[in-house]
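Note that this is a predicted model, so its numbers are computed, not measured. Start at 1 and go down the list; that is how both ligands and their atoms are numbered.
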Amino acid sequence: MRTVLENAAIATVDAEGTEYRRGHVVIEGGRVLRVGEGRIDGEADRRIDCDGCLITPGLVNTHHHLYQWATRGLAADSTLFEWLVALYPVWGRLDAEITHSAASAGLARLALTGCTTVADHHYVFPADGGDPIEALVAAAHRIGVRAHLVRGSMDRGESAGGLPPDHLVEDTEAALLGTEAAIDAHHDPAPDARIRIAVGPCSPFSVSAALMTSSAELARRKGVRLHTHLAETRDEEAQCRAEFGCTPAEYADKLGWLADDVWLAHTVHLAPAAIRRLGATGTGAAHCPTSNGRLGSGIAPVRDLLDAGVPVGLGVDGAASNESGGLGEELHQALLQARQRGGPSSLTVRQALWMGTMGGARCLGRDAELGSVEPGKLADLAVWDLTGLAYAGIEDPVAALVLGAVPPLRLLLVGGETVVAGGALATADESTLSGELAAASRRLR
Ligand SMILES: [Zn+2]
């Protein structure tokens, strides 16, 4: 099966930043065969005219909590800690069916905003709630996107000085066993994997040091990646200093958590030495600008992180702290926040696109097969339709994507397979997904 996309502007996001004004992409066997300027003759099973469109790599979401699609709009004006304390009891009623409905809807929304690979961090495992990881795997297959499912954990409830209520945390050993079982059941190391598993104790204020170090040992024994929340708020830093006598970044370093098989969510509050240390160790950062803004957490030092060589990707974070839940918007938000912090030269529109694609692929250890439009790479592509009122005539298509409203998708492909066509989801019925989501949200109230 050979597909040719033609007559499109193309931003390949390769190492040279190659772009074409009016080019083509040839896809075969789920991979990109050729990309270049002009038309291409020869046999094709399918030719798609992409006149007026911009083709980019599919966006990579590096941090999410899909179950939160069923708990949006709560604690709307709170800080992170206030918000968590309000939401923990609601999350305590989660089960696999609710997680499946929320994840299906959340993944559909991500696909409709250009996202082809999603890292989800699931850390709530109520005792009689079934298997949420299995529910997330099923939702990823249903919508047709790639998923990096982070089996999260919390073992430090209130009685142990943690933030979550005791009934919401697992025993340390049970968390490790559950994580190993998820890896054994679902992790696919193949280059074209649709599902991978990572290990993700939740945060310094909900996880013991023992679970952090044992999780790192487990992940390295199994050859999977590590993920956690770090340095998100000043409250977290104050608690870390009071308890451990160091910053969250120093704490993570002591526990073996700054390394090139780790990516960290947020990294908002980092001293210059910590930024250098992330760069020297190759530790990735999942920048979540909308969520940081919603919770008033601060503005991550993205320019400094990039200058230090840190692989920075973008994340929407859970929809309970980012009710929009779209990844296309994060390109825009990341650019605005970087410039508010460091002036107009602190991030270009193309650097924002790089973070949303190749930067994310690097965070997830997938830069050899994802993140750019190049021969041999997986055909995960977003074809943005710039023909409408909001974009027509604009000089630079990449500026249209990053600075303007998120364009509709003429097409979204994952491994060459159609997930979105003509601005609508092709793999599931949107109104069915919305109905399931509304029912799941009602059940949690
Ligand atoms: Zn998060």
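- Residue D317: an N/O/S atom is found under 2.8 Å from the Zn ion (ligand 1).
- Ring-plane geometry between H121 and H65 is classed as tilted, the angle between the planes lying from 30 to 60 degrees on a 0 to 90 degree scale.
- For W83 and W91, the gap between ring centers is short of 6.0 Å.
- Cation-pi geometry between R241 and Y251 is not met at under 6.0 angstrom from the ring centre and within 45 degrees of the axis.
- Using a cut-off of 2.8 Å, one finds that H65 contributes an N/O/S atom close to the Zn ion (ligand 1).
- Within 6.0 Å of the CD atom in Q340, the count of heavy atoms belonging to other residues, nucleotides or ligands does not exceed 12.
- Distance check for H64 against the Zn ion (ligand 1): none of its N/O/S atoms falls below 2.8 Å.
- At a cut-off of 2.8 Å, C288 does not coordinate the Zn ion (ligand 1) through any N, O or S atom.
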